[in-house]
Amino acid sequence: MARENWNSRIGLILAMAGNAVGLGNFLRFPVQAAQNGGGAFMIPYFTAFVLLAIPLMWVEWSIGRYGGKYNHGSLPGMLETMWDHPISKYLGVIGLFISTIIIIYYTYIESWTLGFSFFSLTKEYFGSDTFDSMSSFLGSYQGKGEGHFASILPAYIFLLITMAMNFWVLSKGISKGIEIFAKIALPALLFFGIVLAIWVFTVGTPDLIKHPDWSVAKGFAFIWNPDFESLSQSKIWLAAAGQVFFTLSVGMGTLHAYASYVKGNDDIALSGLTTASLNEFTEVILGASIAIPIAVAFFGLNQTQEIAAGGAYDLGFVSMPVIFQQIPMGSYIGFMWFFLLFFAGITSSVAMAQPLISFLKEQFGFTHKKATAVIGLSIFMCVNFIVVFYEYGVLGEMDYWAGTFSLVVLALLEVIVFAWIFGMDKGWRELNAGSDIKIPLVFKFIIKFITPIYLIVILVFWIKQEAIPTLMMDSVEPEQVPYRWLARGLMVTVLGILLLMIKKASSKTGRLKFKMREQSGEDDV
Amino acid sequence: MFSELSTTGILFLIIGWSFVIGLTVFTVGKVLKTDKKKAEKEQKVV
C-alpha cells in the first residue's frame with residue numbers, strides 16, 4: 001500500500017509550525033528573556049537561531065524526507081539509510097526515546113491547560129485571588145496537598161480527555177487527522193495570541209493611584225531593555241541556545257517523522273524556513289508581549305522577577321489566573337489564554353507520538369488504528385506514574401534527561417551523520433532537491449563545522465554545570481530521591497524496550513525493513 | 001506602551017520584531033507565490 005503524503009504544503013507548514021509552537025513559546029521564552037539580560041538576550045538568541053536552529057531544522061527535514069523515500073518514518077531506519085553500519089539503527093533509538101518520554105509528561109501538563117480553560121469559563125478559581133491562594137489551588141489540582149480540590153479526580157478527567165483528543169487526531173492519520181487539525185488549531189492559536197497581545201497593549205497602568213509604577217510599559221522595558229554586562233556570562237549564551245532548541249523542536253525526532261511524509265522532490269528548504277519563522281513570530285512577538293508585561297502591570301517588577309524565577313508554571317498557571325480575576329471579562333480572557341496554551345500543546349504532542357506509530361506500522365506491520373491504539377494505551381499507562389508521583393519531582397527528572405540533555409545529544413549525532421558520514425555534498429544536494437529558495441552556500445559550511453562545534457560546546461558546559469550535579473541529585477530533597485530513581489528506572493525501561501524492538505525488527509536480515517516509496521496520494525490509514 | 005524603553009531597548013525591539021516579521025512575510029509570501037505558480041502550471045498542463 002502507498003505511503004501517505006501531506007495533502008497540501010500549507011497543511012504541512014501548519015502542522016510543522018504547530019509541532020514547534022508549544023507551551024514554551026508563551027511561558028518559557030519570556031521568562032528566559034527576562035532572566036537573562038532582557039533585550040541583550042536577543043543577541044545570543046538570534047545567533048543560536050541562525051547557527052544552530054536553522055541548520056538543524058534543515059538537517060532534520062532532509063533526513064526525514066530522505067528516510068521517507070525508504071518508507072521510514074522514524075529515526076532508527078532513517079539513520080540506517082544514511083549510514084550503512086549495524087550500530088546506526090540502535091543510535092537512532094534516541095529519536096524514539098526522546099519523543100516517547102516527552103509525550104508521557106507533556107500530555108499531563110497539556111491537560112492542565114484544558115482544565116484551566118474550563119475553570120476559567122466556570123470561574124472555578126475565582127476567589128483564589130492572591131498568589132498564595134492560587135498556588136494552593138494549582139497544588140490541590142495536581143494532588144499536592146489540601147486545597148480547593150479534595151482529590152486528583154478532576155486532573156485525571158482532563159488528562160483522559162486530552163489523551164483521547166490526541167489519539168483521536170492521530171488515529172485519522174497524517175492528511176485526514178494531523179493536517180486537518182493543524183489547519184484549525186494553528187490559525188486559532190495565532191488569532192487568540194494576537195487578541196491577547198492587543199488586550200495587553202490596552203491595559204496600561206491598572207492602578208494609577210496605588211501603584212503608578214506598575215505598568216505594561218515597565219513590563220516591555222523589563223523584557224527589552226538590554227543589560228550588556230550579562231553578555232559576558234556563558235550561562236546567557238547557553239540559555240539562549242537551549243531556548244532555540246526547545247522552541248523549534250529540533251533534536252526530538254519529530255520533525256523527521258513529519259518530513260518523511262513529504263513527497264520525494266517537494267521543497268523542504270522554504271517550507272522548513274517558513275515553519276521556523278512562524279514559530280519565531282509566535283515566540284518573539286506574541287510570547288514576549290503577553291505574560292511578562294501583564295504580570296509587571298499587576299504585580300510590579302520585583303514580584304514578577306520572583307514569579308519568573310519560580311518558573312514557567314508559576315507564571316502561566318498562578319499569576320495569570322490571579323490577573324484574570326481582576327479584569328472585566330476575565331473569565332473569557334482566561335479561557336482564551338489557557339485554550340491558546342492547549343492548542344500550542346496538543347499540536348506538539350500529536351507530533352511526539354507520530355515516530356512511534358510510524359515505527360510500529362513500518363517494522364511490525366501494524367495497521368494505523370492498531371499502532372495508534374497500542375501507543376495510546378502504553379503512553380496512558382506511563383502517564384499515571386507522572387500523575388501519582390508528580391509531587392516528588394518525577395516530571396522534572398524526566399524533563400531534564402529526555403527533554404533537555406538528550407536533545408543536544410541527538411542533534412549532535414544527526415548533524416555528524418548528515419554532514420560527515422552521509423557526506424556534506426550529498427546532504428546539501430538532498431536539502432536543495434526541489435527547493436523553492438536558494439539557500440546561501442555559507443550554510444553548507446555552518447552545517448558541517450559551526451553547528452557541530454556549537455553543539456559540542458553546549459554539551460560540555462551542560463555536562464559540567466548541570467548533568468553531573470543532576471545525576472548525583474545534589475540539590476534534591478531526600479524524600480524525592482527514591483521517586484526520582486523510579487523515574488530513571490522508567491526511562492531506562494522504555495529505552496530498553498525500544499532497543500529490543502529494533503533488534504527484533506532487524507533480526508532476519510540485520511537491517512530494518514524498508515521499501516522504496518510508491519508515489520501516490522492514497523493513504524494507508 | 002513603549003515609553004519605559006531605553007533608546008537601546010527600542011532599537012533591540014525594532015530589530016527583533018523587524019527580523020521576525022520580515023522573515024515571516026518573506027517566507028509565507030514566497031510559499032503562496034510559488035504554490036500559485038505551480039497550480040497555474042498544472043492547470044495549463046491539464
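Every chain is numbered from 1, with letters handed out A, B, ... down the list of sequences.
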If the threshold is 4.0 Å, N to carboxylate O, is there a salt bridge linking B/K38 and A/D266? no
Which one, A/T205, A/I10, A/L270, A/L273, leads in non-hydrogen pairs under 4.5 Å with chain B? A/L270
A/F49 versus chain B, heavy atoms under 4.5 Å apart: side chain, backbone, both or neither? side chain
Aromatic ring centroids of B/F12 and A/F228 under 6.0 Å? yes
Check this for me: B/E40, atom CD, are more than 12 non-hydrogen atoms of other residues, nucleotides or ligands nearer than 6.0 Å? yes
One should read off an interatomic distance between A/L278 CG and B/T27 OG1, to the nearest 0.5 angstrom, of 6.0 Å
Roughly how far, to the nearest 0.5 Å, is the CH2 atom of B/W17 from the CD atom of A/E280? 14.5 Å
Measure across B/E4 and A/A221 and return the closest heavy-atom pair with its distance rounded to 0.1 Å. O-CB, 3.5 Å
Count the heavy-atom pairs under 4.5 Å between each of B/V28, B/L13, B/L32, B/L23 and chain A, then report the option with the highest count. B/L13
Given heavy-atom pairs under 4.5 angstrom as the criterion, report whether the side chain, backbone, both or neither of A/T282 touches chain B. neither
Once rounded to the nearest 0.5 Å, what's the spacing between atom CZ of A/F220 and atom OG of B/S3? 11.0 Å
In terms of heavy-atom contacts, B/K30 and A/D436 come closest through CE-O, 3.3 Å
Under the side chain to side chain contact (heavy atoms under 4.5 Å, CB included) test, which residues partner B/I10, sequence neighbours left out? B/L5, B/I14
Does some side-chain heavy atom of A/N225 sit less than 4.5 Å from a side-chain heavy atom of B/T8? no
May I ask you to check whether over 12 heavy atoms, not counting those of A/F191, lie within 6.0 Å of atom CZ? no
Hey, is the main chain of A/F281 close enough, under 3.5 Å, to the side chain of B/T24 for a donor-acceptor pair? no
Between B/V20 and A/F46, is the side chain to side chain contact (heavy atoms under 4.5 Å, CB included) condition met? List the steps. CA-CA 10 Å; B/V20 169; A/F46 282 120; 3.9 Å; yes
Report which part of A/A276 has an atom under 4.5 Å of a heavy atom belonging to chain B: side chain, backbone, both, or neither. neither
Interchain contact, A/I13 with chain B, by part (heavy-atom threshold 4.5 Å): side chain
